[in-house]
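Proteins get letters first, then strands, A, B, ... in listed order; numbering begins at 1 in each.
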Amino acid sequence: MSGLKEEYIQAKKQLFDHYYRFLNQPQREAVYTLFNPLLILAGAGSGKTTVLVNRIAHMIRFGDAYACDHVPENLSQADVDALKNAVSLPDEEIEPILASMAVNPCPPWRILSITFTNKAANEMKTRLTNRIGEDAGAADIWAGTFHSICGRILRRHAELLGYAQNFVIYDQEDSKKAISTVIKDLNFDESMLQSKAVLSEISHAKDSLIDPLEYLDAVGKDYRLKQIGLIYQEYQKRLKASNAMDFDDMIVQTVTLFRKYPEILSQYQNRFLFVCVDEFQDTNKAQLALTVQLSGGFRNLMVVGDDDQSIYRFRGATIENILTFDKLFPDAKIIKLEQNYRSTKNILQAANEIIKHNQGRHEKRLWTDKGPGSPVHLKEVSDQNAEAMFIVDTIQKGVLRQGRQYKDYAVLYRMNAQSNSIEKGLSRYSIPYRILGGTRFSDRKEIRDAMAYLSLIANHSDNERLQRIINEPKRKIGEKTLTIVHEIALETGQSDFAVMEQSGSYIALSRVSDKLVEFTNMINRLSALAEESSLEMVYEQMLKDTGYRMMLLMGGQEEKERLENLEELKSNIAEYTQNADDPSLNGFLEMSALVADVDKYDESADAVVLMTIHSAKGLEFPIVFLPGMDENVFPSYQAIAYDPSQMEEERRLAYVAVTRAREELYLIHSESRLLFGSTQYNPLSRFAGDIPEEILDEEEKETKDFFSFQSRPIRATEIRKNGPVRSKSMAGESFRTSMEVPKPGASVTHPVFGDGRVISVSKVPADYICEVVFDRVGTKKLLLSKAKLQIKES
DNA sequence: CACGCTCTGCCTGCG
DNA sequence: GCAGAGCGTG
C-alpha cells in the first residue's frame with residue numbers, strides 16, 4: 001500500500017514537472033515553494049516575471065498540490081497508471097487533472113503582489129489573466145505599487161491619523177516648494193539650506209522611518225542638521241494642515257497606522273495568505289517594515305530581486321534588505337536563478353567581469369547555453385557628434401544590409417544630458433526614434449497648474465497648490481499679500497484659503513480683499529459644480545473661469561503647445577471617467593498622483609529607443625549602444641570625486657546596462673565631450689577596461705566615414721516634430737573645426753590680457769567660448785574666433 | 001506688481 | 001545649454 005502511495009506522489013510530481021517543462025529546475029522549485037519566507041535571487045534575464053506569474057497562478061489553481069503528500073482514499077494501481085500516462089496528454093487535458101488534485105487553492109483576493117512601477121503591476125496582471133483566464137479572478141488580486149496599496153489602505157483609515165479622507169498627495173516639486181517656504185518662514189539661511197538638499201535629507205529620514213523628534217534627537221550638536229530637523233518638523237506640521245501627504249509619507253503613515261492600531265493590521269494580516277514583493281533590491285527600510293507587517297499573519301512572504309541590479313540607493317533603497325533577508329528570516333529558503341536566456345556568452349561574460357569587482361553581493365554567476373556571439377564592440381570617437389554619427393552609421397548599415405528594424409536598437413546613457421547630440425544625429429539622418437524620460441508630461445508647467453486648480457477645487461486647505469496658481473494667470477495678487485494671508489493663517493490656525501474668504505474682516509487685507517474674495521468665490525463655485533457635474537465639465541469650466549485658457553490663447557507658439565497639452569489632459573480625464581468604476585475628482589487626483597505618465601513606450605512602433613540606463617532596467621534589446629563610456633561620465637563625476645562608496649552602485653549600473661543587450665553591444669568612448677556647456681577630456685571608462693580583450697572588438701577610430709550618408713534625401717514624413725532637421729550645409733559646418741581649439745589646462749597668451757590658463761572650452765554655433773584665468777586680470781570668457789589667443793606649447 | 005534680465009548650478013528618478 | 005531663481009526697474 002505504502003509503495004503505491006509513493007508511486008502516486010512520484011507520478012503527481014512528475015506530471016507537475018512535465019506541465020512546467022518550459023521552466024528550468026530552480027524556476028520550478030520557486031513555483032512550488034509557497035510557504036514560509038522565500039528569497040529568489042533572479043539574475044538579469046533569468047525569467048523572473050515568468051516565475052512570478054506562474055507561482056501565483058499555481059497557488060490559485062493548485063494550491064499546495066505539489067508538495068502535499070495527501071493521497072486519495074481507495075487508491076488503485078489503475079489510478080496511478082492513469083496519472084503516469086497523463087504525461088503524454090496535451091496540456092489542456094493535464095490542467096483539469098492537476099486541478100482535481102488541488103490542495104487548499106488560494107482565492108485571488110488573499111494574494112498581495114507588490115511591484116515598483118505601475119507598468120510592472122499591469123504586466124503582472126495581464127500575464128496572469130492570460131495564464132489562468134478571466135474567470136479565475138486574476139483581477140481580485142491586490143497587485144500594485146507600494147504607493148497604490150498604501151493609498152488604498154490610507155483612504156480607509158486616514159481619520160485615525162488626523163487626515164481627512166480626501167487628503168492630497170504632494171509630489172517632489174510640491175514638497176520642494178513647501179520646504180522652501182518653511183525655510184523662509186523659519187528665517188534660516190537659504191544659501192546654506194537648499195530646498196533640494198533638505199528635501200532629500202528629509203526624504204531619507206522618512207525612508208528610514210525616522211520621525212522629526214527622533215531626527216532632532218539623533219543630530220546632536222550639528223547646527224545644520226539641527227536646522228534641517230526643525231524644518232522637517234515644521235514641514236510635517238504644514239503637510240497635515242494642508243491635508244497632504246508626500247510620497248514618503250504614504251509608506252510611513254501606513255506603517256504608523258499599523259503600529260498604532262494592531263487590530264487594523266491584523267485585519268490585513270489575516271487577509272493576505274501570500275505576499276510577493278518584486279524588485280526587492282530597490283526597497284527602503286520603511287517598505288521593508290511594511291512588507292514585514294503585511295506578511296506577518298501567515299509569514300508566506302516571497303521576495304524577488306537581484307542585488308547586482310540595485311541602482312537606486314540615491315533615492316533611499318537599501319541593498320541590505322536583500323543582502324540580509326536571510327538574517328531577518330533565518331528559516332528563509334533561497335533560490336538562485338542563474339541561467340540567462342537573454343544574452344550571448346560574450347555579453348554575459350563582459351557583464352560578469354564588470355560586476356565581480358564588487359564586494360557586497362550574493363555570490364552567483366550567470367550562465368547561458370547560447371553561443372559566444374559577436375565580440376563586444378568598443379569604439380573610440382573624437383567627440384559627441386562623432387559618437388552620434390557612429391550610432392547613425394551602424395544603425396543605417398544594420399537596417400540596409402542586415403534587414404534589422406529600427407526598434408531592434410536602443411541607446412542607453414548615464415544621464416539625460418547626453419541625449420541631445422544623439423537626438424540631433426538621428427533626426428538629421430531621418431532615423432525614427434523615441435526618447436523616454438526627461439521632462440515628463442505631468443511635469444509641464446501648464447499641466448501642473450491645471451492639476452493644482454483641480455486639487456484646490458477638491459481640497460481648499462491645500463496651501464501649496466493655492467500658492468502655485470493664485471496669480472497664474474495674473475490677478476494682481478502679489479507676494480506681499482500672500483505673505484500677510486499666510487501669517488494670519490498661521491496665527492489663527494486656518495488654511496490660507498479660509499483667510500482669503502474672510503479677508504474683508506482683516507484690516508491688513510482690506511485693500512486686496514475684493515480680489516481675494518473674487519478668487520475664492522470662483523473656486524467655491526467650481527467646487528460646487530464638481531459635486532454635481534462630470535469631471536470634464538468641471539475641467540472645462542475651470543479653464544474658462546480662471547482665465548487660464550484665455551491667457552494661453554493670447555500667447556504665441558509656445559502657448560499653443562501648452563494648449564495642446566491641456567487638451568491632452570482633457571482626454572486623460574475623459575479616459576479616466578470612462579474606465580473608472582466610480583469616477584470622481586478625488587479619484588482622478590489620486591490616480592494622477594500615483595500613476596506616472598502612462599508608459600508611452602510603445603513597443604510596436606519601429607523606432608530606435610533612447611533612454612537612461614536607469615529607465616532601461618527590466619528591458620532588453622537585440623542591439624544596445626552605450627555612449628559615454630568615459631570616466632567622469634560613466635562612472636559619474638560625483639561618484640569619483642565626492643563619494644567613492646557610490647562606485648559599487650555605478651558598477652551595478654554598468655552591469656544593468658550591459659545585460660540589456662541580447663546580441664550586439666557597442667561601447668563608445670569619446671576623447672572629448674561637450675557637456676553642460678564646456679568640453680571635457682576623459683579617459684576610457686574603467687568598466688570598459690574590465691572587459692577582457694579576447695571578447696572585445698576594438699574598432700578603428702575613423703571619422704571620415706560618418707559623412708557618407710549625408711547626401712541621402714530626407715523625407716518630410718520622417719522629420720520629428722520636436723527635432724527640426726537641419727540643412728545639409730549646417731550639418732557639415734558643425735563638424736568642421738578650422739580654428740585651433742585649446743584644451744582646458746592649456747597655457748595661452750592674449751595680446752591685451754597677457755598670459756593665462758584655459759579652464760573650460762564650450763562650443764557655440766560656429767565658434768567656441770574659452771574661459772581663461774589670466775595672471776593679471778582674472779577670469780575672462782572669450783570668443784575664440786575674435787580673441788587673438790595664442791596657444792603656448794607646453 | 002509685472003516684466004525682463006542676469007546668474008547659477010546641474011546625475012540617475014519610481015510613486 | 002537650459003531652466004529656475006533672484007534682482008532691478010518701469
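Contacts of A:Q172 with the nucleic acid, taken as non-hydrogen atoms under 4.0 Å apart, include base atoms. Here A:E650 lies out of heavy-atom contact (under 4.0 Å) with every strand. Using a 4.0 Å heavy-atom criterion, one finds that A:S195 contacts no nucleic acid atom at all. Among the protein residues, A:N471 comes within range of the sugar-phosphate backbone only, with heavy atoms under 4.0 Å from sugar or phosphate atoms but none that close to a base.
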Please enumerate all protein N or O atoms sitting under 3.5 Å from an N or O of nucleotides 6-9 of chain C, with distances to 0.1 Å.
none

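Residues satisfying the ring-ring contact (aromatic ring centres under 6.0 Å, His included) test with A:Y312, not counting sequence neighbours, are A:F314, A:H614. The ring-ring contact (aromatic ring centres under 6.0 Å, His included) search around A:Y548 returns none, not counting sequence neighbours. Every ring-ring contact (aromatic ring centres under 6.0 Å, His included) that A:F258 has, sequence neighbours left out, goes to A:Y268.
One distance of note links CG of A:D630 with CD of A:E387; it measures 7.0 Å at 0.5 Å rounding.
Regarding A:Q384, its CD atom lies at a distance of 10 Å from the P atom of C:dG1, rounded to whole Å. B:dG13 atom P lies 15 Å from atom NE2 of A:H204, rounded to whole Å. Between A:F146 atom CZ and B:dC14 atom C1' there is a gap of 12 Å when expressed in whole angstrom units. Remark: P of C:dG4 and NZ of A:K176 are 9 Å apart, rounded to the nearest angstrom.
Side chains of A:D248 and A:S203: a donor on one and an acceptor on the other come within 3.5 Å. A donor-acceptor pair shorter than 3.5 Å can be found between the side chains of A:T318 and A:N321.
If A:K480 and A:A120 are placed on DNA chain B by their nearest nucleotide, the residue sitting closer to the 5' end is A:K480.
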Starting at the 5' end of DNA chain B, write a dot or bracket for each base, bracketing those in Watson-Crick or G-U wobble pairs whose two distances are under 3.5 Å and using | for partners on another strand. ||||||||||.....
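Geometrically, A:R155 engages A:F167 in a cation-pi contact defined by less than 6.0 Å to the ring centre and at most 45° from the axis.
Sorted by first and then second residue, the pairs that involve residues 648-657 of chain A and meet salt bridge (charged side-chain N to carboxylate O under 4.0 Å, His left out), not counting sequence neighbours, are A:R414-A:E650, A:E649-A:R652, A:R651-A:D690.
Within the 3.5 Å criterion, the main-chain N or O of A:S455 finds no donor-acceptor partner in the side chain of A:N459.
Stacking between A:Y312 and B:dC14 is absent: the aromatic ring centre is not both under 5.5 angstrom from the base six-membered ring centre and within 30 degrees in plane angle.
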